[in-house]
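Please read all numbers here as calculations on a predicted model, not as lab measurements. Throughout, residue positions are numbered sequentially from 1 according to the sequence presented. Computation of the quantities below employed the complete heavy-atom set of this structure, encompassing side-chain atoms and omitting hydrogens, waters and symmetry-equivalent molecules.
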Amino acid sequence: MSEEITVKEIMSSPPITVSLEESVIEAARIMAENKIGCVIVVNDEGKPVGIVTRRDLVEKVLAKAKDPLKTKVKDVMSSPLIYVGPNTPILEAAKLMSRKDISHIPVIDADGLVGVVSDRDILTVAPEYIELMIVRKGGI
């Protein structure tokens, strides 16, 4: 039954975005304030061009002792953006996330960015996918 659920049914919407020139500290503040694990980076036209996750903050800023006040999100974002469409079945999204070793995936339709799905969103509605997610994480 879970195969029939699409990402539009479980995505967080509207997605939270930041500009390319935003500081990492502001992105982290926005993530903390909204209790989310990522922000989508958009260009001046509002087109999604990257994503910044908690992992990016830890590995690309903190672990490298970069100044979060001076570091821009464009310098630490993951890009090109891996995304799915709103009608993508959650199993397909989960498999893509596992293959690419990502825990958040933007949802984009013909009009642009419409949401974000996390591995936690998927596991909440389809706990049978936990093995798929554990394999991606390298075990428990």
Side-chain angles (χ1 to χ4, degrees):
M1 174 159 163
S2 296
E3 294 85 9
E4 298 170 6
I5 299 171
T6 60
V7 295
K8 71 181 170 194
E9 297 174 67
I10 63 168
M11 69 184 184
S12 299
S13 185
I16 308 295
T17 62
V18 296
S19 74
L20 283 163
E21 296 299 322
E22 196 63 73
S23 69
V24 166
I25 196 81
E26 180 62 13
R29 186 194 64 75
I30 290 168
M31 289 166 61
E33 187 176 277
N34 289 283
K35 295 180 173 51
I36 55 177
C38 73
V39 287
I40 307 300
V41 183
V42 295
N43 64 16
D44 292 339
E45 292 80 45
K47 180 182 178 214
V49 293
I51 187 171
V52 173
T53 65
R54 286 187 201 118
R55 185 193 309 177
D56 292 323
L57 297 177
V58 170
E59 294 178 3
K60 298 175 183 176
V61 180
L62 296 174
K64 294 186 177 179
K66 289 187 177 180
D67 184 343
L69 293 169
K70 295 178 182 172
T71 305
K72 305 284 187 197
V73 295
K74 69 180 180 183
D75 298 322
V76 299
M77 70 182 187
S78 297
S79 181
L81 205 53
I82 298 164
Y83 63 91
V84 293
N87 295 316
T88 302
I90 62 170
L91 176 58
E92 187 179 322
K95 286 179 178 178
L96 177 61
M97 293 167 72
S98 180
R99 272 195 322 273
K100 298 293 185 177
D101 193 26
I102 57 176
S103 54
H104 298 84
I105 193 161
V107 182
I108 298 177
D109 69 8
D111 296 323
L113 181 66
V114 293
V116 175
V117 172
S118 72
D119 52 5
R120 184 173 287 172
D121 296 330
I122 292 172
L123 292 175
T124 298
V125 299
E128 64 270 24
Y129 296 161
I130 195 160
E131 283 186 38
L132 178 64
M133 299 308 204
I134 289 173
V135 168
R136 178 180 64 80
K137 299 279 188 190
I140 296 178

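- If you take CD1 on I51 and CG on L81, they are separated by 6.5 Å, rounding to the nearest 0.5 Å.
- For K95 and E92, the salt-bridge test fails: no basic side-chain N is under 4.0 Å from an acidic carboxylate O.
- Considering all non-hydrogen atoms of both residues, G115 and M11 come closest at CA-SD, 3.8 Å.
- Within the 4.5 Å cutoff, the side chain of E22 has no heavy atoms near those of the V41 side chain.
- For the pair V107 and P86, the minimum side-chain heavy-atom distance is below 4.5 Å.
- When the side chains of ILVMFWY residues are joined at heavy-atom separations under 4.5 Å, either directly or via intervening members, L123 and I102 end up in a single hydrophobic cluster.
- Residues M77 and V58 do not share a hydrophobic cluster, clusters being chains of Ile/Leu/Val/Met/Phe/Trp/Tyr side chains in contact below 4.5 Å.
- When all heavy atoms of K72 and E21 are compared, the pair lying nearest together is CD-O, 3.0 Å.
- No single ILVMFWY cluster, assembled from side-chain heavy atoms under 4.5 Å apart, contains both V114 and V116.
- R55 CZ to C38 SG: the interatomic distance, rounded to the nearest 0.5 Å, is 12.0 Å.
- Considering V52, I30, V42 in turn, I30 is the only one that fulfils the side chain to side chain contact (heavy atoms under 4.5 Å, CB included) rule with V18.
- The shortest non-hydrogen separation linking M97 to D119 is CE-N, 3.5 Å.
- In this structure, V49 is not a member of the same hydrophobic cluster as V84, with clusters built from ILVMFWY side-chain heavy atoms closer than 4.5 Å.
- By the 6.0 Å contact criterion, CG on D67 is enclosed, its count of non-hydrogen atoms from other residues, nucleotides or ligands being greater than 12.
- Considering CD of E26 and CD of E33, their distance stands at 8.0 Å, rounded to 0.5 Å.
- The NZ atom of K47 sits 8.5 Å away from the CD1 atom of I108 when rounded to the nearest 0.5 Å.
- From I105, atom CD1 reaches atom NZ of K100 across 9.5 Å, with rounding to the nearest 0.5 Å.
- Residues P48 and T17 are not in side-chain contact: their nearest non-hydrogen atoms beyond the backbone lie 4.5 Å or more apart.
- Closest non-hydrogen pair, A126 versus I90, comes out as CB-CD1, 3.7 Å.
- With values rounded to the nearest 0.5 angstrom, K8 atom NZ is found 12.5 Å from S13 atom OG.
- Counting heavy atoms from C-beta on, the side chains of D56 and S78 come closer than 4.5 Å.
- For S79 against G50, the heavy-atom pair with the smallest separation is CB-CA, 4.4 Å.
- Side-chain contact annotation: D121 with T124, donor-acceptor N/O pair under 3.5 Å absent.
- The minimum heavy-atom distance linking K60 with K66 is given by the pair O-CD, 3.3 Å.
- Criterion: ILVMFWY side-chain heavy atoms under 4.5 Å apart, direct or through other members. Under it, Y83 and I40 are part of a common hydrophobic cluster.
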